[in-house]
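The structure appears right after this line, and notes come after that.
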There are 2 protein chains.
Amino acid sequence: MTAVETLTYPDPADALDLASRATDRDALVTLVGTCTVEYEGRAASSLGLGDRHVMLKPDGAALVHTDEGQQPVNWQPPGCEHSVSVDDGSLVVRSTRSSPEESLEVVFEMVAHAAAFDVTDSKDLALTGTEADLKDRILDEPALVESGFTPLATERETPAGAVDIYGEDAEGRTTVLELKRRRVGPDAVGQLGRYVDALKRDLHAETEVRGILVAPSVTDRARQLLAEKGLEFVSLEPP
Amino acid sequence: MTAVETLTYPDPADALDLASRATDRDALVTLVGTCTVEYEGRAASSLGLGDRHVMLKPDGAALVHTDEGQQPVNWQPPGCEHSVSVDDGSLVVRSTRSSPEESLEVVFEMVAHAAAFDVTDSKDLALTGTEADLKDRILDEPALVESGFTPLATERETPAGAVDIYGEDAEGRTTVLELKRRRVGPDAVGQLGRYVDALKRDLHAETEVRGILVAPSVTDRARQLLAEKGLEFVSLEPP
DNA sequence: GACTGGATTTCGAGT
DNA sequence: ACTCGAAGTCCAGTC
């Protein structure tokens, strides 16, 4: 973090100067003020006057935050081109991209604060408790699923997609596991069902294929669906 | 937007003063600086030293942004309690909630900028191009799906969940539509299949039930699944 | 509170 | 570029 540049209640011209220089040198820009926001692209939206926090990232991402919610009220993904200008005496931020064609326009009636930050980040997030961790746990100790279960492959391809864990049970029957790190609904059952059906077809006819959903818990509807499709459930959490 | 309060390269004590007063009066707080981040809750994560932008919203949401990506590298959902303190000479931000028990801790090695904003927002976002718009389009002009199609209900409940549009075709056959605003994969076919199966069961035995997926387009795998399940596809986009 | 499905989902991996 | 599925998904609506 080398430089910080800020302006409080700047003129549009001064805010423009700060913002355009900052985006040119790939700094992080924040603008807080009263503005309207228009978006058009995959969908289209219009947002009336209000106080918002606008962040322009050097990778092309743009975020418009209100005082509520974890999600931005409007945004643009990384890879966009930011442009800042003064139109009719108002500071205007445009962020656009092609494929798909999308544009975001923020028009400030008033800028309360403008800032530029030269940030650097190694970004080495270590996350645990994911589905991958659950997979490792099972591969380490397959008996957690069922005594005699033997994993043979992970991410095994089927015509319906890749199976999380592919193996066989104590009797040598083909057994596929679909893993979920948290409580699951009907969608996960559908997924497992597709894999089992595809494998049955692939391995030709009479081969019995067991499908086991491994997750901390399931909803009622999911349990019912499992029963209908002759699939099984084993309760297990990520470590 | 009444007040803006900012500090550049503040002492931890001054930053603490600004931040704690701001959270007390439900202002939006931003802190930019070099920090580490620890999270524990549904999962757990650890993030080493780097420059980040931290936002604390009055509704309890917390966001930690790096210079890259649309998504925050760490966060806390609305409803959390923010607390700011100075520990061992470092500014520390904690954001916690219960059910589920989750905590986020940001420890600043250096604060480059601290700010508080008293923002207000009516938040009247008008969004178009959604699935709801596609639904309206079909209800306005059912022939877009198929000549003779007659919608009878929307969100009709089945044992497998609510069907987007329920109706009958020119021959009086029960027909259910699953709508998607954009290109779809196998999951949407599974959804439609579940509704059709549930209705067949519900309406008792021999009743034929048609299932039509309405979306701009489908992937190959989805098309294959549709064929397997005897379901249909109509290409249509939101207005 | 739990459940269900949409979302301008985003993100990453594989092809 | 496209497909597919995970995600600490978030979020609204409903029960």
Side-chain angles (χ1 to χ4, degrees), chain A residues 37 39-45 61-64 68-80 97 99-104 125 127-135 155 157-158 160-164 178-188 190-191 194-195 217-222 238, chain B residues 39-45 61 63 68-79 97 99-104 125 127-135 155 157-158 160-164 178-188 190-191 194-195 217-222 238:
Chain A
V37 186
Y39 155 76
E40 186 154 359
R42 287 165 290 174
S45 74
L63 302 168
V64 182
E68 287 186 340
Q70 180 182 323
Q71 298 304 125
V73 64
N74 276 114
W75 69 90
Q76 203 68 295
C80 292
R97 66 161 173 168
S99 77
E101 190 73 39
E102 284 193 306
S103 71
L104 180 73
L125 182 75
L127 181 67
T128 60
T130 64
E131 183 182 303
D133 294 311
L134 177 56
K135 178 167 73 179
E155 305 303 323
E157 283 298 334
T158 78
V163 168
D164 284 338
E178 173 61 30
L179 314 183
K180 294 293 170 188
R181 65 172 298 279
R182 58 172 218 169
R183 183 173 175 84
V184 296
D187 51 339
Q191 221 181 312
R194 292 202 300 277
Y195 299 148
S217 59
V218 295
T219 66
D220 281 351
R221 202 112 83 187
Chain B
Y39 155 76
E40 186 153 0
R42 286 166 291 175
S45 74
L63 302 168
E68 286 186 340
Q70 179 181 324
Q71 297 303 126
V73 64
N74 275 116
W75 69 91
Q76 204 66 296
R97 67 162 172 166
S99 76
E101 192 73 39
E102 285 193 304
S103 71
L104 181 73
L125 182 75
L127 180 68
T128 60
T130 65
E131 182 180 304
D133 294 311
L134 178 56
K135 178 167 72 179
E155 306 302 324
E157 282 299 333
T158 77
V163 168
D164 285 339
E178 174 61 31
L179 314 183
K180 294 293 171 190
R181 65 172 298 281
R182 58 172 217 170
R183 183 173 176 85
V184 295
D187 53 337
Q191 224 181 310
R194 292 203 301 277
Y195 298 149
S217 59
V218 296
T219 65
D220 280 351
R221 203 112 83 188

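Below, read A as the first sequence line, B as the second, and so on, with proteins coming before strands; counting in each chain starts at 1. On a predicted model such as this, the values are computed, not experimentally measured, just so you know.
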Protein-nucleotides 1-3 of chain D N/O pairs closer than 3.5 Å?
from	atom 1	to	atom 2	distance (Å)
dT3(D)	OP1	Arg183(B)	NE	2.9
dT3(D)	OP1	Arg183(B)	NH2	2.0
dT3(D)	OP2	Arg183(B)	NE	2.8

**Report entry** Contact under 4.0 Å: Arg194(B) side-chain N or O vs dG5(C) OP1/OP2
**Finding:** yes

**Report entry** Protein-to-nucleotide contact annotation, 5' to 3' order, nucleotides 7-15 of chain C [B base; S sugar-phosphate only; - none; under 4.0 Å, heavy atom]
**Finding:** SBSSS----

Query raised in the report: More than 12 heavy atoms of other residues, nucleotides or ligands under 6.0 Å from CD of Glu40(A): is that the case?
Result: no

Query raised in the report: Which is true for Ala160(A) with a 4.0 Å heavy-atom rule: it touches a base, it touches only sugar-phosphate, or it touches nothing?
Result: sugar-phosphate

Requested in this report: Not counting sequence neighbours, which residues clear side chain to side chain contact (heavy atoms under 4.5 Å, CB included) with Arg183(A)? List them please.
Outcome: Ser217(A), Thr219(A)

Requested in this report: Could you measure between the two P atoms, the one in dC4(D) and the one in dG8(D), and give it in whole Å?
Outcome: 22 Å

Query raised in the report: Within the pair Tyr195(A) and dC4(D), is there a side-chain N or O less than 4.0 Å away from OP1 or OP2?
Result: no

Requested in this report: Please name all residues satisfying side chain to side chain contact (heavy atoms under 4.5 Å, CB included) with Glu102(A), sequence neighbours left out, ordered by chain then number.
Outcome: Tyr39(A), Arg42(A), Gln76(A), Pro77(A), Arg97(A), Pro100(A)

**Report entry** Rounded distance in Å between the P positions of dT4(C) and dT8(C)
**Finding:** 22 Å

Report summary line: Taking pairs as Watson-Crick (N1-N3 plus N6-O4 or O6-N4) or G-U wobble (N1-O2 and O6-N3), each distance under 3.5 Å, the stems of three or more consecutive pairs with DNA chain D are C:1-7 with D:9-15, C:9-15 with D:1-7

Query raised in the report: Among all residues two or more places apart in sequence or in another chain, which pass the side-chain hydrogen bond (donor to acceptor under 3.5 Å, both in side chains) test with Asp133(B)?
Result: Thr130(B)

Query raised in the report: Distance-only, no hydrogens or angles: does the Arg181(A) side chain make a donor-acceptor pair with backbone N or O of Gly129(A) under 3.5 Å?
Result: yes

